[in-house]
Amino acid sequence: MTDRPDRPARISIVTVSDRAARGEYEDKGGPGAEAWLRDVVTSPMEITRVIVPDGREGVAATLRELVEGGADLILVTGGTGPAPRDQTPEAVMDVAEKELAGFGEEMRRASLREVPTAILSRQTAVIRDATLIITLPGKPAAIATCLNAVFAAVPYCLDLIGAARVETDAGKVKAFRPTM
């Protein structure tokens with residue numbers, strides 16, 4: 001879409017949690033991701049949050065719907081561990097056109113500095129159409145660690161895929177764009 005770069009970024013945050021979807025558990029991941037974005041991103045953005053139960057088909061269907069609705073960036077929190085119901089990475093791969101494995105590698109590297117169980121995490125990032133999808137842990141502190149590790153590359157990635165332009169507070173996360 002040629003109109004994407006000149007409008008506010010459409011960012012969706014998807015919390016994947018059976019308990020939060022049933023109202024038995026307060027979603028902390030979605031609000032944590034939103035707070036991080038509002039602290040770092042300086043350009044106009046529209047943020048929507050969705051809570052869905054764990055499960056491959058439901059998560060994939062939600063992601064397809066958000067992409068078709070024009071999301072530029074989707075942050076998916078939760079469901080990335082090794083437990084049987086943790087199927088977020090599989091759902092993301094079901095909708096992916098391209099995988100950006102470096103995102104997951106860097107998020108795990110940053111998280112390993114804080115907790116040895118970070119090696120159990122299955123974070124990744126993918127592109128579908130003109131949307132970047134990044135999977136994140138469910139805890140706000142872990143979300144911040146992961147976004148701090150990779151977000152410098154996000155604005156340029158969005159530029160390359162034809163999504164809306166995103167600017168950051170360089171004192172918090174300095175977006176990298178090559179000079180021409």
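Here the structure is a predicted model, which is why all the values come from computation and not from measurement.
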Supply the atom-to-atom distance Ile51 CD1 to Thr62 OG1, rounded to the nearest 0.5 angstrom. 11.5 Å
Begin with the C-alpha distance, continue with both residues' side-chain angles, and end with the deciding distance and a verdict on side-chain hydrogen bond (donor to acceptor under 3.5 Å, both in side chains) for Thr15 and Asp27. CA-CA 7 Å; Thr15 298; Asp27 171 26; 3.0 Å; yes
As a quick check of understanding, evaluate side-chain hydrogen bond (donor to acceptor under 3.5 Å, both in side chains) for Ser111 and Thr145, giving each step before the final call. CA-CA 6 Å; Ser111 297; Thr145 296; 5.6 Å; no
Evaluate the side-chain proximity of Leu136 to Trp36: yes if any heavy-atom separation is below 4.5 Å, no if none is. no
With rounding to the nearest 0.5 angstrom, report the CD1 to OG1 distance, Ile134 to Thr124. 10.0 Å
Closest non-hydrogen atoms of Asp54 and Ser17, given as atom of the first, atom of the second and distance, are OD2-CA, 3.6 Å
Under 4.0 Å between a Lys/Arg side-chain N and an Asp/Glu carboxylate O for Glu26 and Arg19? no
Taking all atoms of both residues into account, what is the closest heavy-atom pair of Ala9 and Ala164, and its distance? CA-CB, 3.6 Å
Is a side-chain donor or acceptor of Asp39 paired with a backbone partner of Ala35 at a separation under 3.5 angstrom? no
Mind checking whether Ile143 and Leu75 sit in one hydrophobic cluster, side chains of I, L, V, M, F, W, Y counted as touching below 4.5 Å? yes
Side chain proximity check, Val16 to Val76, heavy atoms < 4.5 angstrom: yes
Please walk me through it: do Ile11 and Glu46 pass side-chain contact (heavy atoms from CB on, under 4.5 Å)? CA-CA 6 Å; Ile11 302 174; Glu46 299 167 359; over 6 Å; no
Specify the closest pair of heavy atoms between Pro155 and Ala175, including all atoms of both residues, with the distance to one decimal. CG-CB, 3.6 Å
Donor-acceptor under 3.5 Å (Glu97 side chain, Asp129 main chain): yes
Intermediate values then yes/no, side-chain contact (heavy atoms from CB on, under 4.5 Å), Arg177 and Asp159: CA-CA 9 Å; Arg177 288 186 169 95; Asp159 293 349; 2.5 Å; yes
Determine, using the 4.5 Å side-chain heavy-atom cutoff (strictly less than), whether Ile13 and Val67 are members of one ILVMFWY cluster. no
Under 4.0 Å between a side-chain nitrogen and a carboxylate oxygen: does that hold for Arg7 and Asp72? yes
Gap between atom CG of Asp169 and atom OG of Ser43 - 0.5 Å precision: 11.5 Å
From Leu120 CG over to Arg108 CZ, what is the distance, rounded to the nearest 0.5 angstrom? 10.5 Å
Quick one: CG on Leu158 to CD1 on Ile127, what's the gap to the nearest 0.5 Å? 9.0 Å
Within the 4.5 Å heavy-atom criterion, are Val41 and Phe151 side-chain neighbours or not? yes
Counting C-beta onward and ignoring hydrogens, is there a side-chain heavy-atom pair between Arg56 and Arg85 closer than 4.5 Å? no
Heavy-atom side-chain proximity of Cys146 to Pro137 below 4.5 angstrom: yes
For Glu99, does the CD atom have more than 12 heavy-atom neighbours from other residues, nucleotides or ligands under 6.0 Å away? yes
Evaluate side-chain contact (heavy atoms from CB on, under 4.5 Å) for Thr131 paired with Leu66, printing each intermediate quantity in order. CA-CA 9 Å; Thr131 304; Leu66 292 169; over 6 Å; no
Check ion pair Glu167-Arg165 (N to O, under 4.0 angstrom): yes
Side chain proximity check, Val166 to Val154, heavy atoms < 4.5 angstrom: no
Between Glu34 and Arg38, is there a side-chain N and carboxylate O pair less than 4.0 Å apart? yes
Could you tell me whether the side chain of Leu73 reaches within less than 4.5 Å of the side chain of Arg10, counting heavy atoms only? no
Flag, side chain of Arg122 to backbone of Asp86, donor-acceptor distance under 3.5 Å: yes
Search all heavy atoms of Leu132 against all heavy atoms of Ala125 and return the closest pair with its distance. CD1-CB, 4.3 Å
Is it true that Val14 and Val150 fall in one hydrophobic cluster, defined by side-chain heavy atoms closer than 4.5 Å? no
Donor-acceptor contact below 3.5 Å, side chain Arg128 vs main chain Val95: yes
Hydrophobic clustering (ILVMFWY, side-chain heavy atoms < 4.5 Å, transitive) - are Ile133 and Leu147 grouped together? no
Quick one: CZ on Arg109 to CD1 on Ile119, what's the gap to the nearest 0.5 Å? 14.0 Å
State, yes or no, whether a side-chain contact exists between Thr168 and Thr42 at a heavy-atom distance under 4.5 Å. no
Without hydrogens or angle criteria, can the side chains of Thr48 and Ser12 be said to hold a donor-acceptor pair below 3.5 Å? yes
Given the rule that I, L, V, M, F, W and Y join up when any side-chain heavy atoms are under 4.5 Å apart, are Met45 and Val173 in one cluster? yes
